[in-house]
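Below is one structure, written out as structure tokens; comments come after it.
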Amino acid sequence: MEREVKTYVLKRSDDDAVPRKLSIDYAAALNSQQLAAVTAGEGPSLVIAGAGSGKTRTLVYRVAYLIDSGVDPSNILLLTFTRKSAQEMVQRAGELIGARSERVCGGTFHSVANLLLRRYGRSIGVEPGFTILDRGDAEDLIALVRSQLGLNEKDKRFPRKGTIMEMISKSENTLRSLEEIILDEFGHFADHIEDLSRLKTAYQSAKRQKQLLDYDDLLVMLRQLLLLDETARMTISRQFRYILVDEYQDTNRLQAEVVRKLAATHNNVMVVGDDSQSIYAFRGATFKNIMEFPQLFPGTQIYKLEENYRSTQPILNLANCIIDEAAEKYTKRLFTRKIDGPLPSLVEAAGENTQSRFIAQKILELREEGVPLSEVAVLFRSSFHSFDLEIELSRKGLPFIKRGGVKFIETAHVKDLLAHVRVIANPLDTVSWNRVLMLVEGVGPKKAHDLLAAIVKGGQPFDVLRGVSGRSGQGLKSLANTLESLSGAEARSPSEQVNQIYEYYLPILKEQYDDYPKRTRDLDHLHTIAEGYPGVNEFLADLALEPPDGSASGVDAPDRDDERLVLSTIHSAKGLEWQAVFVIWIVDGRFPSVYSFVADEDLEEERRLFYVSVTRAKRHLFLTYPINVYDKSSGMLLSKPSRFLDHVSSDLLDQVALVEEGGRGEWGRSHDPYY
DNA sequence: TTTCGTGTGATTTTT
DNA sequence: TCACACGAAA
């Protein structure tokens with residue numbers, strides 16, 4: 001009889017100079033294209049990864065491979081589009097390689113910039129306690145500055161705060177001058193170029209003074225830091241010796257610049273992306289980044305991933321056909337080994353509600369066939385496109401969560417409450433001060449402005465507030481007391497702060513909104529979130545950088561999390577996949593939207609967006625379009641399917657017409673507002 | 001100076 | 001339909 005051989009494990013020593021045996025069989029887990037990318041050597045590399053080609057898998061294995069071959073995890077920087085996807089990748093790498101992976105630094109450009117600036121920003125005048133302005137706050141500050149400059153005379157048509165913000169943001173993100181942007185894209189405001197430049201300068205210096213950074217500043221300042229502070233630059237680039245960038249097609253010039261600076265000393269940078277899925281041009285992103293990467297980093301190795309593991313061949317045929325029409329791209333052709341599957345359906349509905357009813361019914365049917373709700377998604381161009389469907393789904397008792405659209409964090413009452421927290425954290429934050437003061441009965445723009453001036457000058461905010469007599473005196477005293485009880489002792493936890501402010505704020509909330517019960521629930525939710533944070537600064541920064549999605553509506557059934565279908569804008573669906581996908585409102589004028597008809601490049605972007613939506617589906621794909629819908633904004637009667645389907649041959653799609661049971665007509669449903 | 005009401009005008013996608 | 005900006009009354 002053979003004796004059983006016992007094994008004894010020899011531990012690895014860390015200073016092992018000889019290349020050690022890798023612990024994972026990479027060749028078995030990956031296809032040859034993926035393997036090549038994963039095991040790429042040092043130096044710049046570009047991975048062109050088609051939809052569903054295992055891009056995430058490749059990145060995860062790349063991280064594991066680097067660690068496996070002796071790289072210290074804390075030397076790896078993983079830049080992704082959302083923080084969630086960074087965490088997911090790190091976690092999956094951990095399953096391969098062990099908990100070591102947790103020391104990988106991962107996150108969005110903005111969140112990494114946030115961390116680095118808080119640590120090293122002092123040298124360029126960024127104090128570690130700075131406050132991050134979200135889009136709304138930034139616009140409020142613009143409005144404030146605008147009125148200070150007296151730029152709101154009524155005779156001239158001056159752009160609104162949102163438009164101004166858009167202009168400035170675009171100029172920052174594309175590294176172009178404001179004048180250029182205005183002449184190029186906002187031609188009708190060309191008369192105001194001088195005023196707008198003044199406004200921009202004033203806005204910038206207001207932020208600087210008050211230690212406020214908007215989203216763009218996070219990147220701008222990081223670039224600044226890398227440019228001006230040699231010591232910080234060396235420290236940072238010594239720390240991040242391997243840089244991985246996901247979704248590179250959606251980076252803008254500014255981000256590309258930051259990557260180049262970060263990698264300047266070692267060139268160990270791998271970017272991954274798909275030019276056909278570039279859908280963030282409105283935010284300054286340009287797929288040219290990915291096209292020009294090899295020029296920016298000479299010696300770039302290019303890898304292409306073309307085998308699709310997600311979808312069936314019929315779905316890919318349609319996808320390929322749509323993107324074939326695109327003007328400019330890296331040529332690649334997706335293929336799959338999943339040959340068989342149902343043809344995608346193109347469904348014509350007599351009106352919006354018919355479309356909704358079709359979807360609800362079909363979802364129930366799919367569930368009968370064994371497709372769980374969690375494997376179903378409904379995608380759309382703009383978030384309001386799902387309103388009618390949401391009602392229909394609730395009526396049928398189908399639970400869903402909605403992604404994209406108005407964020408819970410952006411609702412007025414949540415911003416109100418947070419403004420108080422922020423004032424305590426950064427007493428110079430005049431945007432939040434303004435918000436807080438204006439809530440007090442009897443305080444308007446003038447008094448708020450005066451008080452602010454006194455606070456900035458005089459130092460002791462609470463004394464200033466208590467010194468006021470008259471109509472607003474009582475309210476301001478109460479505000480001062482609340483804030484004072486929370487400041488000073490910095491140990492107050494975020495949840496405690498939220499709690500106290502809630503008590504102070506509740507009467508104001510009731511006064512202001514009739515629907516306050518709904519809103520108090522949001523505030524309860526905020527409190528729950530706050531409980532997860534030990535420190536106020538992390539709490540505030542996280543909230544600004546990675547807002548929890550979904551407003552409180554539609555979150556009615558929190559019990560079985562995986563038993564809900566997803567409603568999502570296409571943008572928010574990036575990188576995700578489902579067994580069954582519905583893309584609704586495939587009507588010319590909605591998708592592509594009328595706004596994109598003017599410029600070719602806008603239309604191209606819509607096409608890529610359509611491509612992204614179609615390639616989310618693993619097996620079942622339904623494209624639906626209502627007809628005879630009157631569009632108020634354009635005055636058009638929408639009745640033709642999207643022009644992106646014009647060149648799709650009819651044998652790639654199942655065309656379906658909906659028939660009412662018993663012959664009841666759609667016109668009978670008079671509650672349909674579009675009808 | 002604040003607040004409230006009316007009119008206008010524009011209207012996506014998000015860190 | 002909604003938000004924003006402006007004008008009039010308290």
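In what follows, every chain begins at residue 1, and chains take the letters A, B, ... in the order their sequences are listed. Values reported hereafter were calculated over all heavy atoms of this structure, with side chains retained and with hydrogens, waters and symmetry mates removed. Because the structure is predicted, anything quoted here is derived from the model rather than measured.
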Of dC4(C), dT14(B), dT12(B), the nucleotide closest to the side chain of Arg381(A) is dT12(B)
Would you indicate, yes or no, if dT15(B) has its OP1 or OP2 atom less than 4.0 angstrom from a side-chain nitrogen or oxygen of Thr82(A)?
no
Looking only at dT15(B), dT14(B), dT3(B), the nucleotide nearest the Thr108(A) side chain is dT15(B)
Find the distance Phe189(A):CZ to dG9(B):P and express it as a whole number of Å.
12 Å
In terms of side-chain heavy atoms of Arg471(A), which of dT2(B), dT15(B), dT13(B) is nearest?
dT2(B)
Both Glu546(A) and Thr163(A) contact DNA chain B. Taking the nearest nucleotide for each, which residue is further toward the 5' end?
Thr163(A)
dT12(B) pyrimidine/purine six-ring stacking with Phe282(A), under 5.5 Å and 30°:
no
Between Asp137(A) (CG) and dT15(B) (C1'), how many Å, whole number?
14 Å
Picking from dT15(B), dT3(B), dT2(B), the nucleotide nearest the side-chain atoms of Lys446(A) would be dT2(B)
Tell me, please, whether Phe380(A) has Arg590(A) positioned over its six-membered ring: NZ or CZ under 6.0 Å from the ring centre and within 45 degrees of its axis?
no
Determine: side-chain N/O of Ser111(A) to OP1/OP2 of dT15(B), distance under 4.0 Å, yes or no.
no
Nearest nucleotide by nearest heavy atom, which residue falls closer to the 5' end of DNA chain B, Tyr215(A) or Glu166(A)?
Glu166(A)
Here the distance between atom C1' of dT12(B) and atom CD1 of Ile570(A), to the nearest Å, is 11 Å
Rounded to whole Å, please give me the gap between CG in Leu439(A) and P in dT3(B).
11 Å
Pick base, sugar-phosphate or nothing for Ser593(A), based on heavy-atom distances below 4.0 Å to the nucleic acid.
nothing
Proximity to the side chain of Tyr595(A) - top-ranked nucleotide from dC4(C), dT12(B), dT3(B)
dT12(B)
Atom-pair distance (NZ on Lys161(A); C1' on dA3(C)), nearest Å
9 Å
Between Arg422(A) and Asn426(A), do the side chains contain an N or O donor and an N or O acceptor separated by less than 3.5 Å?
no
Ring centroids only, cut at 6.0 angstrom: are Tyr595(A) and Phe597(A) within range, meaning strictly under it?
no
Quick one: Phe384(A) CZ to dT11(B) C1', roughly how many Å, whole number?
8 Å
Quickly work out the Met438(A) CE to dC4(C) C1' distance and round it to whole Å.
13 Å
What I want to find out is whether Glu325(A) reaches Arg607(A) closely enough, with some N-O distance under 4.0 Å, to be called a salt bridge.
no
Should Arg253(A) and Glu257(A) count as an ion pair when the cut-off is N to O under 4.0 Å?
no
Sugar-phosphate, base or nothing in reach of Gly442(A), heavy atoms under 4.0 Å
sugar-phosphate
The side chain of Pro445(A) is closest to which nucleotide in this list: dA5(C), dT2(B), dT15(B)?
dT2(B)
Taking atom P in both dA5(C) and dT12(B), what distance in whole Å separates the two?
15 Å
Could you work out which one of dT2(B), dT3(B), dT15(B) sits closest to the side chain of Lys447(A)?
dT2(B)
Does Arg146(A) place a side-chain N or O at less than 4.0 Å from the phosphate oxygens OP1/OP2 of dA5(C)?
yes
Short side-chain N/O contact from Ser572(A) to OP1 or OP2 of dT14(B), under 4.0 Å
yes
Say whether Tyr280(A) and Asn173(A), considering side chains only, have a donor N or O and an acceptor N or O under 3.5 Å apart.
no
Whole Å only: how far is the CZ atom of Arg403(A) from the P atom of dT12(B)?
21 Å
Which part of the nucleic acid does Phe109(A) contact within heavy-atom distance under 4.0 Å: base, sugar-phosphate only, or nothing?
nothing
